[in-house]
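For reference, the structure discussed in these notes is given below.
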Amino acid sequence: MTDYKNKLGNLADRLKNEEPKTPIQEVNPVKNNISGKEEEGQLNVWIPKTLLKK
């Protein structure tokens, strides 16, 4: 138990003395995938249920 308390005490001292390290975000541009494909769009239609089952 004393070892656990010692570790916690050391952690508190380290947190007080060390400055937090801020993560640096790396930004990469998105590559365009040009494969000669035509651009697609969404199409919604209403059809009779009997036709849907066929």
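- Considering only residues two or more places apart in sequence or on other chains, Gln42 meets the side chain to side chain donor-acceptor pair (under 3.5 Å) condition with Asn44.
- Listed by chain and number, the residues in a side chain to side chain contact (heavy atoms under 4.5 Å, CB included) with Val45 are Leu43, Ile47 (sequence neighbours excluded).
- Pro48 meets the side chain to side chain contact (heavy atoms under 4.5 Å, CB included) test with Thr50, Leu51; sequence neighbours excluded.
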